[in-house]
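Here is the naming used below: chain letters follow the sequence lines, and residue numbers restart at 1 for every chain. Just so we're clear, the structure is a prediction, and the values are computed from it rather than from any experiment.
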Amino acid sequence: MGIDVNAPIFVISVAAELAEMHPQTLRQYDRLGIVRPSRAPGRSRRYSQRDIELLREVQKLSQEGVSLEGIKRIMELQNQVTGLRQRVVELSTQLDEAQRRAPDRSRVFAAGLAGDVVTLSRGQRPPAAATAVQQLGLVSLMERRSRLRALPAGKSAERNYADDDYVQSL
DNA sequence: GTTCTTACA
DNA sequence: TGTAAGGA
């Protein structure tokens with residue numbers, strides 16, 4: 001059995017040395033919620049090996065010019081991805097078991113045009129592309145785009161046709 | 001060890 | 001804006 005990367009063992013001075021950072025910087029990251037070590041009984045921080053790796057990741061992002069707010073957001077999203085991946089595994093397993101227990105051949109699932117899941121009867125096809133476009137209310141947008149292409153060539157140098165006001169006026 | 005405040009680039 | 005230092 002190896003060392004648990006999540007075991008909270010390093011005090012802040014050791015963690016700072018391992019991460020090659022100033023202890024005050026680690027406190028700042030903790031306060032901002034970027035890397036939150038666990039706490040020993042009392043108030044002192046205890047960093048895990050995993051925390052050290054996160055600190056190095058933060059260091060890398062910071063050197064690349066990402067602001068601390070941006071880094072915080074990235075960390076949150078990364079946690080979200082991890083959680084969702086785990087959820088996918090759980091649900092896939094449950095689905096497999098459910099299907100093995102009670103095979104239901106009366107329903108078929110397919111991908112809709114927008115990537116959604118649609119339920120069909122056996123032998124039935126998903127809606128054709130044109131129909132789906134109408135259902136999504138994209139017809140007027142497509143008309144606008146064709147009118148944009150129809151504009152006189154000389155005008156293109158004068159203004160940007162992607163300009164919001166201009167597109168709204170069509 | 002902690003938090004708060006301040007200085008510097 | 002981010003890091004480091006000093007004091008309580």
Side-chain angles (χ1 to χ4, degrees), chain A residues 1-95 111-117 132-133 135-170:
Chain A
M1 182 121 170
I3 299 163
D4 184 1
V5 294
N6 293 313
I9 45 185
F10 305 116
V11 296
I12 190 167
S13 56
V14 176
E17 208 166 322
L18 291 173
E20 297 179 292
M21 291 175 175
H22 197 282
Q24 198 60 29
T25 305
L26 269 58
R27 294 190 181 103
Q28 175 86 329
Y29 289 168
D30 183 12
R31 206 159 47 81
L32 294 175
I34 294 176
V35 175
R36 301 208 129 130
S38 49
R39 298 276 181 159
R43 279 192 302 178
S44 58
R45 301 171 174 85
R46 288 292 184 274
Y47 289 81
S48 66
Q49 187 59 50
R50 170 112 188 93
D51 291 329
I52 306 296
E53 287 162 17
L54 289 175
L55 287 171
R56 292 205 169 273
E57 191 67 28
V58 171
Q59 191 177 44
K60 190 180 161 201
L61 290 169
S62 184
Q63 283 169 358
E64 288 169 354
V66 183
S67 71
L68 292 184
E69 271 306 308
I71 292 173
K72 183 181 177 185
R73 193 86 181 97
I74 288 172
M75 306 292 264
E76 288 169 356
L77 290 172
Q78 202 133 58
N79 287 337
Q80 232 179 75
V81 168
T82 304
L84 290 172
R85 281 213 175 109
Q86 182 55 40
R87 190 70 182 129
V88 166
V89 169
E90 291 169 7
L91 291 175
S92 297
T93 307
Q94 286 180 20
L95 184 58
L113 190 69
D116 52 336
V117 175
V133 167
Q135 286 171 347
L136 290 170
L138 295 178
V139 171
S140 61
L141 179 59
M142 294 179 74
E143 286 173 352
R144 284 182 183 178
R145 288 181 58 183
S146 55
R147 283 159 72 180
L148 279 173
R149 281 195 290 271
L151 284 165
K155 292 205 73 177
S156 61
E158 294 172 24
R159 64 176 302 164
N160 174 13
Y161 290 126
D163 179 278
D164 279 349
D165 292 336
Y166 182 73
V167 172
Q168 294 300 324
S169 71
L170 287 175

Trainee: Could you give the NZ-to-P distance, from K72(A) to dT1(C), as a whole number of Å?
Mentor: 14 Å
Trainee: So, applying side chain to side chain contact (heavy atoms under 4.5 Å, CB included) with L18(A), which one of I52(A), D51(A), L55(A) is it?
Mentor: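 Running side chain to side chain contact (heavy atoms under 4.5 Å, CB included) over I52(A), D51(A), L55(A) with L18(A) returns exactly one hit, I52(A).
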Trainee: Is any side-chain heavy atom of V11(A) closer than 4.5 Å to one of S44(A)?
Mentor: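 With C-beta onward as the side chain, the pair stays apart.
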Trainee: Take the protein atom CD1 of I12(A) and the nucleotide atom C1' of dT3(B), then report the distance between them rounded to whole Å.
Mentor: 12 Å
Trainee: If dG1(B) has a Watson-Crick or G-U wobble mate with both distances under 3.5 Å, name it; if not, just say none.
Mentor: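 Pairing partner, where one exists within any strand: none, as none qualifies.
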Trainee: Between D30(A) (CG) and dG1(B) (P), how many Å, whole number?
Mentor: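 These atoms are roughly 14 Å apart.
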Trainee: Report, as a single string ordered 5' to 3', how protein heavy atoms within less than 4.0 Å touch nucleotides 2-8 of chain C: B base, S sugar-phosphate only, - not at all.
Mentor: SBBB---
Trainee: Tell me what R39(A) touches on the nucleic acid: a base, only sugar-phosphate, or nothing, going by heavy atoms under 4.0 Å.
Mentor: sugar-phosphate
Trainee: Determine whether L32(A) and K72(A) make a side-chain contact, defined as any pair of heavy atoms from C-beta on separated by less than 4.5 Å.
Mentor: no
Trainee: Check whether any side-chain nitrogen or oxygen of R45(A) sits under 4.0 Å from OP1 or OP2 of dT2(B), and answer yes or no.
Mentor: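 Yes, R45(A) has a side-chain N/O under 4.0 Å of OP1/OP2 on dT2(B).
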Trainee: Taking all non-hydrogen atoms of both residues into account, name the closest pair between R36(A) and D30(A) and its distance.
Mentor: NE-O, 3.5 Å
Trainee: Got R27(A) and Q24(A) here, is their nearest side-chain heavy-atom distance under 4.5 Å?
Mentor: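 Yes - at least one pair of side-chain heavy atoms lies under 4.5 Å apart.
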Trainee: Check this for me, if you would: do R73(A) and E76(A) make a salt bridge, where the nitrogen-to-carboxylate-oxygen distance has to be below 4.0 angstrom?
Mentor: yes
